[in-house]
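Working notes, beginning with the structure itself.
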Amino acid sequence: MKIIGLIISVLTGAMLVYAAADFPAWSDPSSPASTYLSPHFIEKTMEETSVPNIVTAVLADYRSFDTMFETAVIFSAGLVCFFLLRTTRRKESETETTHYRHTLTGVTIQIKEGHTLPPSDEFERIDSLWTPSGLIIKTSCRLLVPFIQLFGLYVIAHGHYSPGGGFQGGVILGASIIMLAISYDLRTIIERISEKMVAVLCAVGVLIFSGTGALCLLLGVNFLDYNALAPILLVDPLTARSHAILIVEIGVGVAVMTTMIWLYCNLSSAGKYNQGL
Amino acid sequence: MSQQYPALLVVVPLLSAMIISIAGWVNKRWCFPIAVAALGVAACSSVGLLLQVLDQGKVIYLMGGWPPPMGIAYYIDHLNGLVLPVVSIVALLNLIAAKKSIEQQFPDKIGPFYSLYVLMVAGLLGIVATGDAFNLYVLLEIAALTGYGLLAMGEERAPLATLNYLYMGTIGACFYLLGVGYLYIVTGSLNMVDIAGILPDLYQSKAVLAAFIICMVGVWLKMAFFPLHAWLPNAYTYASSAATGLIAPLVTKVMIYVMIRLMLTVFTPAFVFSFLNVSDAIVWLAVIAIVTGGVLALAERDLKKMLAYIIVAEVGYMVGGAWLGNRDGMTGAILHIVNDALMTLCVFLVVGNIVYKVKSYAFENLQGLFRKMPFTMGAFVIGAMSIIGVPPTCGFFSKWYLITGAIAAGHYAFMAALLFSSLVSVVLFFRVFEICFHEPFSDNHGHDHHSEAMDEAPLSMLVPLLIVAATLIVVGLYTGVIVNQIIQFAIPASLV
Amino acid sequence: MTDLVSTIIAKYNYWIYITLMMIGLYAMIAKNNLIKKIVGMSMFQTAIILFYVSIGVKKGATIPILEYSHGHGHDTQLVVHAADYVNPLPHVLMLTAIVVGVATLGVALALSIRIYDRYNTLEEDEILTQIREEK
């Protein structure tokens, strides 16, 4: 297998090297890629969409149809992981015992099925493989999370004027919550954002994007032609494009954030939603 | 609304997939009706589109209102006008037929299953409809990812088989993406029609040649063309019958459509057949594919894997036909996309019914099926006849065109391979029929009254199957109309 | 000779991406461990991203965000020269490819978790031996 792999790789590589002979040199301003379509995007974006960040404009307007499916790709990844891994019925060995920790003393107790916990609020449910994480890690993560989330929101909202947008911001927001999941445990996260909420929000994110497009379609123009939204957004058609881009970016942000959390929860715990890693 | 068909075709399934996913968390009973409605709308729009194309020729739809090459446009012509209804109707019929087995197999995960199913159909329809080379890649990945999910939920070996498919599928998709990148670097455009307009000046360029080779290899990987077929049999065999019923008829066929689209629209026959001198070699590969597919199918001892190897052989038919480089061969290949999708659906629905009732598809467990499930087996006979190529089933006519094309091109080996494959199919299917006619050997001598009873699959599984079986004959009878009214216009006049 | 050297230097981006991509392809075909194959797959995809992004580069150009437009709105007439900004299209396309890469990676890992649950190993030959023994 190794030799076959080597032969295939070398042959493919040789063909690619051969073909590269006809390519324009690196950073050549007169290459077809730089002279055919891109000047239009660079020069006309401002007057056609009123968004200074050309990448955002092309992403969410000229080629918004691609981006919509891109969001659907990330959604389907989350859904596939859930579909493949999530175990809804627990194995019998797992239902028998549950573990609780006395928060003040740190004593862990094991409760067999049919027995009840001593009546007290001082017990929290934990997983048998759970190890308490350090105070420093917990506190510093907790302090950082609001700032990370604020930055994530900024990246989404400021995508028109600076590098950023729904995907980047969504990943940052998702990372902030995953960080919490790592420093505390998975259960803490599920208490704050339930699995159902994550799954529904993920679909809602994609719905915001495609729904915006479908709204244009219902208003009598082509799919994703944001001009039609001007009467609804109470602005002129040109600004409507810019606003609609923000709306779809928010949809993307929601979808990406929740998918990241969904993927993490399913992958790290192999679908059992107990403490992973 | 009729101008919006191209958008509805893809967008309604996409929106519905999201709604189904949400509905799965609220009330599972809503999932199935929404899925059927979504695919129903898609099927209606695709038929409407076909009528529009027949009426007024090419339909162009600008996404977001941006004219190409700036924006993404959908071009519906006679070629994809024909393939779109096939994809949507096959998906719809299989969905209805698979309802019971889905509920039986995934009681907890009905919502995600339907959502993935509908999303995959949206991806496949998008691949067929799009006129943008990069958009095609995105849709390809949608169809692929959802497909991995659907295929992996099956028997014990399904995840491993699917992971292998994922490796191969990713290499295939990445090769396609790289090929598009090569085209972009030399033309600066991503729109298929636009690229085709720029390319003629660049035919001498090594980059265009490399782009063509990479794209083709990528697409071949995805369609399991010999010798890149290794992932297919296992992936299809171990999956659930609901998933194979969608994926086996459609994915390979849609990829063949992509290959023909690249050959006819993007690179144009002038480049593919006149400038390059490789068609002979590829037809030879197709010959090997047909023969190996047939021989490997003979070696199998279970029905599903045997059918999976037949798909490998059928892919050889279509690739070979398309590369013969003449009109008859191309007509046969395009007609075979339609016919093969229908007949593969037919036989896999039969497998679905058998698995639902017998819980197995190994040969030794198929005994006595003709008495137990007469309607299912009746449909199986029609499907088998079509795969063998017996008139008046549709399989005969596409094979006829392929053989005519092979003779016109003077490629007798391909003709011989087609005939050999028919012969192998006869052996394969009559072996199965024989087993199914045999009564199971019973231990309780004399009084086995319980096995006398007919034990047919439920109506919701049977009706779609019988519709498909009837369609096989109807399509066969209307082959002339399909060829003269549609396929004839799908092939550029430069290809004679 | 200097001609050849200058060609090699002028197109070094292509040589790098081809090398990386072939390492990835080799890993995917030749490695025995399923996770190593997934790593190879990621390298393969990333190499293509590198290739696309390198197409977009233009000498003397800056990032594709128009300057002097903060707060002015669209009524200000600004003159934009295409030569001043790099090609935005490859960046857009690669955002899609990155997302696809992440999605594929997620699905591949989910599948390997399922496989590990079943066979307790991720070495391909060991899994195949187990399958053969079951038969």
Side-chain angles (χ1 to χ4, degrees), chain A residues 12 15-16 18-24 31-38 40-41 44 48 58 61-70 72-73 75-77 79-84 86 88-89 196 199-200 202-207 210-211 213-214 216-217 221-228, chain B residues 3-4 7-8 11 14-15 17-19 21-22 24-25 61-66 69-72 106 108-109 112-113 115-116 119-120 122-123 126 132 134-135 138-139 141-142 145-146 148-150 152-153 159 178 182 184-190 198 205-211 213-214:
Chain A
T12 319
M15 189 190 71
L16 297 179
Y18 168 76
D22 274 4
F23 281 167
S31 68
S34 303
T35 52
Y36 184 64
L37 267 185
S38 75
H40 177 96
F41 288 132
K44 294 286 189 318
E48 286 179 349
V58 178
D61 199 348
Y62 292 101
R63 297 188 68 89
S64 49
F65 194 65
D66 263 356
T67 312
M68 186 180 80
F69 275 104
E70 198 179 329
V73 165
F75 165 80
S76 57
L79 195 61
V80 167
C81 283
F82 169 80
F83 185 58
L84 289 180
R86 187 74 174 103
T88 39
R89 276 161 301 177
K196 182 177 173 181
V200 169
C202 190
V204 165
V206 187
L207 265 182
S210 42
C216 305
L217 198 143
V221 295
N222 277 5
F223 187 68
L224 287 169
D225 192 345
Y226 303 137
N227 280 344
Chain B
Q3 317 93 308
Q4 303 289 355
L8 290 178
V11 172
L14 175 69
L15 280 170
M18 303 305 139
I19 295 169
S21 173
I22 296 172
W25 289 92
Y61 187 88
L62 310 178
M63 290 295 166
W66 295 109
M70 258 65 76
I72 293 167
F106 315 107
D108 307 317
K109 294 177 177 171
F113 188 93
S115 183
L116 288 174
L119 203 55
M120 176 157 191
D132 189 278
F134 188 80
N135 190 230
V138 179
L139 291 158
E141 285 291 357
I142 283 257
L145 276 176
T146 47
Y148 304 144
L150 293 175
M153 282 304 264
L178 191 66
Y182 274 37
Y184 177 69
I185 210 170
V186 290
T187 63
S189 178
L190 290 167
I198 301 171
S205 161
K206 291 171 207 155
V208 175
L209 178 66
I213 296 172
I214 301 168

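Letters A, B, ... mirror the listed sequences (proteins, then strands); counts begin at 1.
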Let's test your reading of the structure: which of Gly71(B), Ala207(B), Gly126(B) forms the most heavy-atom pairs below 4.5 Å with chain A? Ala207(B)

Is any side-chain heavy atom of Leu79(A) closer than 4.5 Å to one of Ser115(B)? yes

Let's test your reading of the structure: which of Pro69(B), Pro159(B), Ala152(B) forms the most heavy-atom pairs below 4.5 Å with chain A? Pro69(B)

For the residue pair Phe134(B) and Arg63(A), establish whether any side-chain heavy-atom pair is separated by less than 4.5 Å. yes

Going from CD on Glu70(A) to CG on Leu139(B), what distance comes out if it is rounded to the nearest 0.5 angstrom? 11.5 Å

What part of Phe106(B) gets closer than 4.5 Å to chain A, counting heavy atoms only: side chain, backbone, both or neither? side chain

Pair Phe223(A) and Tyr61(B), ring centroids less than 6.0 Å apart: no

So which atom in Lys206(B) and which in Ala21(A) form the shortest heavy-atom distance, rounded to 0.1 Å? NZ-CB, 3.9 Å

Parallel, tilted or perpendicular for Trp25(B) and Phe82(A), by the 30°/60° rule? tilted

Where do Gly149(B) and Val80(A) come nearest, in terms of heavy atoms and distance? CA-CG1, 3.6 Å

For chain B, the option from Ser31(A), Ala20(A), Pro32(A) that forms the most heavy-atom pairs under 4.5 Å: Pro32(A)

Chain A contacts, top residue of Leu116(B), Thr146(B), Ile198(B), Val208(B) (heavy-atom pairs, under 4.5 Å): Leu116(B)

Run Leu178(B) and Leu16(A) through side-chain contact (heavy atoms from CB on, under 4.5 Å) and show every step you take. CA-CA 10 Å; Leu178(B) 191 66; Leu16(A) 297 179; 4.1 Å; yes

Nearest 0.5 Å please: distance from the CD1 atom of Ile214(B) over to the OG1 atom of Thr12(A). 9.0 Å

Assess whether side-chain contact (heavy atoms from CB on, under 4.5 Å) is satisfied between Val186(B) and Asp22(A), documenting all intermediate values. CA-CA 9 Å; Val186(B) 290; Asp22(A) 274 4; 5.9 Å; no

Between the CG atom in Leu14(B) and the CE atom in Met68(A), the distance rounded to the nearest 0.5 Å is 4.5 Å

Under the ring pair (Phe, Tyr, Trp, His ring centres under 6.0 Å) test, which residues partner Phe75(A), sequence neighbours left out? none

If you count heavy-atom pairs within less than 4.5 Å of chain B, which of Ala228(A), Ala214(A), Ala72(A) leads? Ala72(A)

Where is the tightest heavy-atom contact between Tyr36(A) and Gly188(B), given as atom of each residue plus distance? CD2-O, 3.3 Å

Hey, what do you get for CG (Asp225(A)) to CG (Leu62(B)), rounding to the nearest 0.5 Å? 9.0 Å

May I ask you to name which of Ser21(B), Gly64(B), Gly24(B) has the most heavy-atom pairs under 4.5 Å with chain A? Gly64(B)

For Leu15(B) against Ser210(A), the heavy-atom pair lying closest together: CD2-OG, 3.3 Å

Within the structure provided, determine whether Leu217(A) and Leu8(B) are in side-chain contact (heavy-atom separation under 4.5 Å). yes

Starting at CD1 of Ile142(B), measure out to OG of Ser76(A) and round the result to the nearest 0.5 Å. 5.0 Å

So that I can tick it off, tell me whether Arg86(A) and Asp108(B) are bridged by a salt bridge, with the cut-off set at under 4.0 angstrom between side-chain N and carboxylate O. no

If one checks every heavy atom of Val138(B) against chain A at 4.5 Å, the contacting part turns out to be both

Stepwise side-chain contact (heavy atoms from CB on, under 4.5 Å) test for Phe65(A) and Asp132(B): CA-CA 11 Å; Phe65(A) 194 65; Asp132(B) 189 278; over 6 Å; no

So for Ile72(B), is it side chain, backbone, both, or neither that comes closer than 4.5 Å to the heavy atoms of chain A? both

Kindly write out the residues that satisfy ring pair (Phe, Tyr, Trp, His ring centres under 6.0 Å) with Tyr62(A), not counting sequence neighbours, or none if the list is empty. Phe41(A), Trp66(B)

Using modelled atom types and a 3.5 Å cut-off, is there a donor and acceptor pairing between side-chain atoms of Gln4(B) and backbone atoms of Val221(A)? yes

Heavy-atom closest contact (Pro112(B) atom, Phe83(A) atom, distance): CB-CD1, 3.8 Å

Are Met63(B) and Asp66(A) packed together at the side-chain level, in the sense that at least one heavy-atom pair is separated by less than 4.5 angstrom? no

Rounded to the nearest 0.5 Å, what's the gap from CZ on Phe69(A) to CD on Glu141(B)? Could you check? 13.5 Å

Segment of Asp61(A) engaging chain B (4.5 angstrom heavy-atom cut-off): both

